[in-house]
Amino acid sequence: MNKVDVKLGGKHDVTAALTNVLAAHGILAPHNGQPFSEAMMLGIGGGLGMGYILWEFKRQESANVVLGFRNRWNYIPRFLTTLCARLGIQADVQETAGAKAAAANLENAQLPVVAWVDQAHLPHQNLPEWLKGYWIHVVGVYGIEAGQVWIDDLSSELFAVPADIFAAGRARIGSDKNRLMLITPPSAIDLESAIIAGLHDHIDHLSSDSESFSLPAIKKWAKLMTHPKDKKSWRVVFKKRNGLYTTLRSVYEGITLNSTEGSGLRDLYADFLEEASAILGNAALKESAAHYREAAACWRDFADSALPESVPDFAETKSLLRDRYALYQAHDSAGMQQVSAQLNQIENDMKHEFPMDSAEVDVLFETLQAKLNTIYEAEVQALESLKQSL
């Protein structure tokens, strides 16, 4: 395997994969001669978005909330190719439905490359078998050696994945078409223009009235917390509380831990605004960054409230989840497996007896609804501040 001396890990799979691949190819930020920060990648790519989907898995008696916090959160190739185009980087996307062609594309690629894979196929993720085919994940591929594919996946070290399992994961989600993205370094980078394009993209995107991709999704979610009749209302879906534990866990995990840097990417975007302020000589961007940090705090408060500490099993769940992600980033697979087993046991116990009665659940839903409305106001204020700064 070709050893690459480059920073690994990161906070959000999509931006981290590209950040580290660019660094490995020697593509540096022109203003300081250093690798681009992940925050800069997020901002130039178009910044933030907002999406909410409640997925129900009736066979497993569970449900998960899918949250999109990045601009074009469900159009990853477009986000990455747009980002690269703004930096003058040639990004070639390869797709194929055939297994042989997919293997050849990876074998012949000038590594490292960005790759799309089904998250549950990655052994180090320790996800249940039934989740295969549900979660798109983006990683950097750094080497192929002795039947192993070496990938960068938000940890301090590369993970080795058996080549046949990695190939199956690339093919599992048909719409991804065994996708790879190959990078060619640019002759020059106009960083200021790239930043300005990203800022305007962010503003335009979050100013739209879309309930699927923009800020109105937060208001829609708030209404669905307590609506008496809507089939996707939490009061309707969780009338018998089946699947509610996994849903609340997915809210906490999806905002604070799972590839979102701890606050739905809002703190990471604030980091970008502070970097951009210095590069563009625009002090007002620092004020906007402060507003996004306020929104980030609101998201953390909401996530924390989804699993109230007053319920012992919820408090233990949060502690175990934090341990799980710390072990993951430290590349401690054995420790992660142990913690995952404890979390699975709590989930199985919850299927038999949920620790809150109907009245307590109603109060929880009303509390979360109020906090979502607070988040919406904070997001609107942050966006308005950014508009005024340009």
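F365 and V237 fall within the same hydrophobic cluster, defined by Ile, Leu, Val, Met, Phe, Trp and Tyr side-chain heavy atoms under 4.5 Å apart, directly or through other members.
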What verdict does the salt bridge (Lys or Arg N to Asp or Glu O under 4.0 Å) test give for K371 and D304, after you've listed the backbone C-alpha separation in whole Å, the side-chain angles of each residue and the deciding distance to 0.1 Å?
CA-CA 11 Å; K371 290 182 182 293; D304 196 53; over 6 Å; no
Can you list the steps and then say if E309 with K318 is a salt bridge (Lys or Arg N to Asp or Glu O under 4.0 Å)?
CA-CA 9 Å; E309 294 280 343; K318 288 195 284 191; 3.0 Å; yes
Step by step, work out the side chain to side chain contact (heavy atoms under 4.5 Å, CB included) result for H121 and V161.
CA-CA 9 Å; H121 267 80; V161 180; over 6 Å; no
Check the pair R241 / D357 against salt bridge (Lys or Arg N to Asp or Glu O under 4.0 Å), numbers first and verdict last.
CA-CA 9 Å; R241 302 190 288 284; D357 61 29; over 6 Å; no
Evaluate the side chain to side chain contact (heavy atoms under 4.5 Å, CB included) criterion for residues L368 and L364: first the C-alpha distance (whole Å), next the side-chain angles of each, then the deciding distance (0.1 Å), finally the verdict.
CA-CA 6 Å; L368 295 178; L364 175 61; 4.1 Å; yes
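Donor-acceptor pairing under 3.5 Å is lacking for the side chains of T256 and R300. A donor-acceptor contact closer than 3.5 angstrom is absent between the side chains of Y52 and S212. A donor and an acceptor atom, one from each side chain of T226 and Q369, are located under 3.5 Å apart. No hydrogens or angles considered: a donor-acceptor pair under 3.5 Å links the side chains of D153 and Q125. For the residue pair S385 and E287, no side-chain donor N or O sits within less than 3.5 Å of a side-chain acceptor on the partner. Remark: the Q388 side chain and the E384 side chain contain an N/O donor-acceptor pair separated by less than 3.5 Å. No hydrogens or angles considered: a donor-acceptor pair under 3.5 Å links the side chains of D190 and S193.
The backbone N or O of K351 lies less than 3.5 Å from no partner atom in the side chain of N242, so there is not a single donor-acceptor pair. Between the side chain of T96 and the main chain of A102, no donor-acceptor pair closer than 3.5 Å is present.
Using the six-membered ring where Trp is involved, W135 and W55 have ring planes that are parallel, under 30° apart on the 30 and 60° scheme.
Ring centroid separation for the pair F166 and W150 does not come in under the 6.0 Å cut-off. Ring centroid separation for the pair F69 and H12 does not come in under the 6.0 Å cut-off. Between Y292 and H202, the ring center distance clears the sub-6.0 Å criterion.
With respect to M41, the side-chain contact (heavy atoms from CB on, under 4.5 Å) criterion is satisfied by exactly one of L268, V14, L87: L87.
Within the structure, salt bridge (charged side-chain N to carboxylate O under 4.0 Å, His left out) contacts touching residues 93-110 (residues at least two apart or in different chains) are E95-R179.
Across all their heavy atoms, G46 and R86 have their closest contact at N-NH1, 3.8 Å.
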